[in-house]
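Note sheet for the following structure.
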Amino acid sequence: MKRTVPIIITALGGFVLIIAYFIPRTQGWGETAAIWFDVLASIAFILGGGNLLKIHLKKISDQNSGWGYSAITITAFLFTLFVGLGKIGVNPNIQYPDFAWSGSYRTIGSPFWWLYEYAFKPLTATMFAMLAFYVASAAFRAFRAKNIEAILLLGTAFIILLGRTFAGVLLTSWLPDWLVGLKLENLTVTIMKVFNTAGNRAIMIGIALGIASTSLKVLLGVDRTYLGGGED
Amino acid sequence: MKSSLLSKAVLAGLVLAATVWAQEEGPAPPTNVVATDHPWDGGTQLDVSWTLSADDAVNVATYKFYRTLTEAEMLKEEADARFKALNHAKQIVTTELFADADQQGIPHDDPELLGRIRAARKSAADEAITAVNADIVATAGETKYRFISILLAGENTLTVAKLNRAVAYGFKVVAIGKNGVESAPAVSMAAVQPIRQGFDGTRFFLSLIVFIICGAVIYYINVARSGKPLNIRKIAGLQAVYEAVGRATEMGRSILFVPGIQDINDIQTIAGMTILSRVAKTAAEYEAKLEVPTSRALVMTTARETVQAAFLSAGRPDAFNQDLIYYVTDEQFGYVAYLSGMMVREKPAACFYMGSFFAESLILAETGNSIGAIQIAGTAQPAQLPFFVAACDYTLIGEEFFAASAYLSGEPDQLGSLKGQDVGKSIVGIIMVIGVTMLTLAAIVGFDSGFGAAMLDAVDFLKSVILT
């Protein structure tokens, strides 16, 4: 029963969405199924918040290693929640001056806006900026010419990198017109448009078929591993 | 002589005046506006055509196209007009009174001032509503139209979408002259109601392809069930799952499983869950610690169910600890920050990245690499595959990721589905060969020749009808 009911729900939801794509009469059903998921996902926010509190409070209570981070997380979470829900420092909407909470919580200059602009955004930007360094370190490792494949990869990367710089264009500018295809900027375009596109499309076709097959297995209940196994 | 010159001048003046007058005149109106139901749709579209204005070639710049408002739309427009007028009137009064108060140095929370504002707002609102209601009454009974689109001269058809199939619609077309003057409107002769068809015919070929591929998958699942042996090639990344879990056990360190950053409605997350089940089962058998931080609460609950059942099937229900599968945050880089910090502090021996990843893929994989963990990744995001290939020990590329569940379970049912996928690949291969052959032939004989044009038409049909 614990497995059968979820499988029936999954199959019903999935097949309704497939049918709704082809039969106009059932389009509304598909939209309803999609709204159900949105409702579930919204409720899950409360579940997520509760779990966050539980895990971190437990860490603090047990004084586990790194419990200080948990304390900071909980403080930041509760403070942001309080400032946002309470609309602290938000002026009333000019149309409803009698109602203290009529202003938008995202009003420019409000504490919630300030937290978003000057705490959240710089922090996420910092994480994102680290990507540049990781790209450099990954490229350094990937481009070491240790075998034939790595040499090919290195050669291709060299052409692409150089072909997208002014230096690359300058280096092969002397080539005669009948060798125009060998100019670095043109080689770059050829590699990206022909070889890269072909490889990408092959992967995309495999992915599309994999998605179709996996979806069908899940809908038919053939693959129940996401429910923990095949036993009922 | 003099009279002849005078008469020529008068004539020239008359011609000039007539030209100026003609330029200020609008073009002749379009005629014969006819609406018909759009075939093979869900009852939301109508095709409208009209006969072009007689001046189309010389004095028409564009056509403006309108449709009648439904009763619900009319009511909404009236309500919107009332709401806008009401708010506008209230806002003006409030702003003026607050400005007066500022000049007089009266604070905004002064009770007497607020009382005056309330009274003034009520009176302004009443006046605004009365004025709007009077307008509505004055125009009652007139057919009201909504502007839909603008079309260029020479165009005389339009498919109008987003219609309500319970309502009959009328249409109006106005020609706009090159001098900006509008013609008299041409109104459709009869109101037409869209009809909902039983099947979306534009998707017939797609449904056929879906039917063949799904049929093949189901057929081969049944073949596998009948006992026919099916082979699958070795996938190094999946062979390494046991090695990675074993290594973590030997080192006495944890295993980190990251199920991507998308919710459970993403097929990649579901595919990740099927792999998690196998990893959890192996971890339970080896008595290794498995940690699953998630970026979505629904993924957390699913992962808990999956791991719990895997521990149960491994005969180790007591070893299951639900606190090791927890929610972190929905925020992409917040999640990455947590995982990176956790990896550096706890140094898991094995890291699995199975699901949908975006910019965070390389940050995670490089952090894992820097702590010396054995890393296995799988995703169907083509843009992230190079990053995983560069930084992980093994990467499941696209379809390998979706084949993982079948591969790891070895169940005939699931292996059969992989065989069914091969039929899909064959269809794709055949269509590609046909398309490439036709285009090559067209290029050889010339695109302008009859045969070349026919080939181009066939390729266009293949692309825009069969594969759309």
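Atom NE2 of B/H108 sits in a crowded spot, with more than 12 heavy atoms from other residues, nucleotides or ligands closer than 6.0 Å. The number of heavy atoms from other shown groups lying within 6.0 Å of CZ (B/R196) is above 12. Environment of CZ in B/F199: crowded, with over 12 heavy atoms of neighbouring residues, nucleotides or ligands closer than 6.0 Å. Counting non-hydrogen atoms of other residues, nucleotides and ligands closer than 6.0 Å to CZ of A/F77 gives a total above 12. Heavy-atom neighbours of B/F358 CZ from other residues, nucleotides or ligands within 6.0 Å: above the threshold of 12. Environment of NZ in B/K419: sparse, with no more than 12 heavy atoms of neighbouring residues, nucleotides or ligands closer than 6.0 Å. Remark: B/F83 CZ is loosely packed, at most 12 non-hydrogen atoms of other residues, nucleotides or ligands lying under 6.0 Å away. Around CH2 of A/W113, the count of heavy atoms belonging to other residues, nucleotides or ligands within 6.0 Å exceeds 12.
Of the two parts of A/N200, only the side chain, counted from C-beta on, holds a non-hydrogen atom closer than 4.5 Å to a non-hydrogen atom of chain B. For B/F98, the part lying under 4.5 angstrom from a heavy atom of chain A is the side chain only. Heavy atoms closer than 4.5 Å to chain A are found nowhere in B/R296, neither backbone nor side chain. Looking at A/L220, the atoms closer than 4.5 Å to chain B (heavy atoms on both sides) all sit in the side chain, from C-beta outward. Both the backbone and the side chain of A/R25 come within less than 4.5 Å of a heavy atom in chain B. Of the two parts of B/S340, only the side chain, counted from C-beta on, holds a non-hydrogen atom closer than 4.5 Å to a non-hydrogen atom of chain A. Residue B/K90 does not touch chain A at all, counting heavy-atom pairs closer than 4.5 Å. Residue B/R165: no heavy atom, backbone or side chain, is found under 4.5 Å from chain A. At a 4.5 Å heavy-atom cutoff, B/T44 makes no contact with chain A through either its backbone or its side chain. With a 4.5 Å cut-off on non-hydrogen atoms, B/T301 touches chain A through its side chain but not through its backbone. There is no contact between B/V389 and chain A, counting heavy-atom distances below 4.5 Å. Looking at B/L298, both its backbone and its side chain come within 4.5 Å of chain A, counting heavy atoms on both sides. In this structure, the portion of B/I221 lying under 4.5 Å from any heavy atom of chain A is its side chain and not its backbone. Both the backbone and the side chain of B/Q421 come within less than 4.5 Å of a heavy atom of chain A. Proximity to chain B (any heavy atom under 4.5 Å) is restricted, for A/I55, to the side chain, taken from C-beta onward. Of the atoms belonging to A/I203, it is side-chain heavy atoms, and not backbone ones, that fall under 4.5 Å from chain B. Proximity to chain A (any heavy atom under 4.5 Å) is restricted, for B/L385, to the side chain, taken from C-beta onward. Interface residue A/F37: only side-chain heavy atoms are found under 4.5 Å from chain B. Contacts of A/I205 with chain B are made by side-chain atoms alone, with heavy-atom separations under 4.5 Å and no backbone atom involved.
By number of non-hydrogen pairs under 4.5 angstrom with chain A, the leading residue of B/D41, B/I267, B/L276 is B/I267. The candidate from B/Q308, B/M300, B/K281, B/Q197 with the greatest count of non-hydrogen atom pairs under 4.5 Å with chain A is B/M300. With chain A as the partner, the residue from B/I270, B/T94, B/V217, B/N265 showing the most heavy-atom pairs under 4.5 Å is B/N265. For chain B, the option among A/P6, A/A142, A/S137 with the highest count of heavy-atom pairs below 4.5 Å is A/S137. When each of B/I397, B/V428, B/N369 is scored by its heavy-atom pairs under 4.5 Å with chain A, the top score falls to B/N369. Residue with the most contacts toward chain A among B/S207, B/S409, B/A365, B/A216: B/S207 (heavy-atom pairs, distance under 4.5 Å). Highest contact tally toward chain A, considering only B/D263, B/L362, B/I213, is held by B/L362 [criterion: heavy-atom pairs under 4.5 Å]. In terms of non-hydrogen atom pairs under 4.5 Å with chain B, the most contact-rich of A/L47, A/T214, A/N51, A/V135 is A/N51.
Within the 4.5 Å cutoff, the side chain of B/D200 has no heavy atoms near those of the A/I23 side chain. A/L209 places none of its side-chain heavy atoms less than 4.5 Å from the side chain of B/E399. Looking only at side-chain heavy atoms (C-beta outward), A/Y21 and B/L206 come within less than 4.5 Å of each other.
Atoms CZ and CZ, from B/F211 and A/F22 in turn, are 12.0 Å apart once rounded to the nearest 0.5 Å. A/H56 NE2 to B/Y326 OH: the interatomic distance, rounded to the nearest 0.5 Å, is 8.0 Å. Note: A/M127 CE to B/I363 CD1 = 5.0 Å, rounded to the nearest 0.5 Å.
Closest non-hydrogen pair, B/A380 versus A/I207, comes out as O-CD1, 3.4 Å. Here the closest non-hydrogen pair linking A/L131 and B/A359 is CD1-O, 3.5 Å. Closest approach of B/A297 and A/A44 over heavy atoms only: CB-O, 3.0 Å.
Donor-acceptor pairing under 3.5 Å is lacking for the side chains of A/T124 and B/E331.
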Exercise for the section: Give the intermediate values and the outcome of side chain to side chain contact (heavy atoms under 4.5 Å, CB included) for residues A/R141 and B/E366. Expected result: CA-CA 11 Å; A/R141 220 177 22 258; B/E366 274 296 290; 2.3 Å; yes
Exercise for the section: Let me see the working for B/F402 and A/I211 under side chain to side chain contact (heavy atoms under 4.5 Å, CB included), right down to the final yes or no. Expected result: CA-CA 7 Å; B/F402 293 109; A/I211 287 174; 3.5 Å; yes
Exercise for the section: Quick one: do B/Y338 and A/T73 satisfy side chain to side chain contact (heavy atoms under 4.5 Å, CB included)? Show the steps, please. Expected result: CA-CA 10 Å; B/Y338 173 81; A/T73 304; over 6 Å; no
Problem - side chain to side chain contact (heavy atoms under 4.5 Å, CB included) between B/T367 and A/Y134, intermediate numbers included - result: CA-CA 9 Å; B/T367 310; A/Y134 285 126; 3.5 Å; yes
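Judged by the 6.0 Å distance and 45° axis criteria, B/R345 is positioned over the aromatic ring of A/Y69.
The pair A/K217-B/D413 fails the salt-bridge criterion, with no side-chain N (NZ, NE, NH1 or NH2) lying under 4.0 Å from an Asp/Glu carboxylate O. We find that B/E411 and A/R224 are not joined by a salt bridge, their nearest charged nitrogen and carboxylate oxygen being 4.0 Å or further apart.
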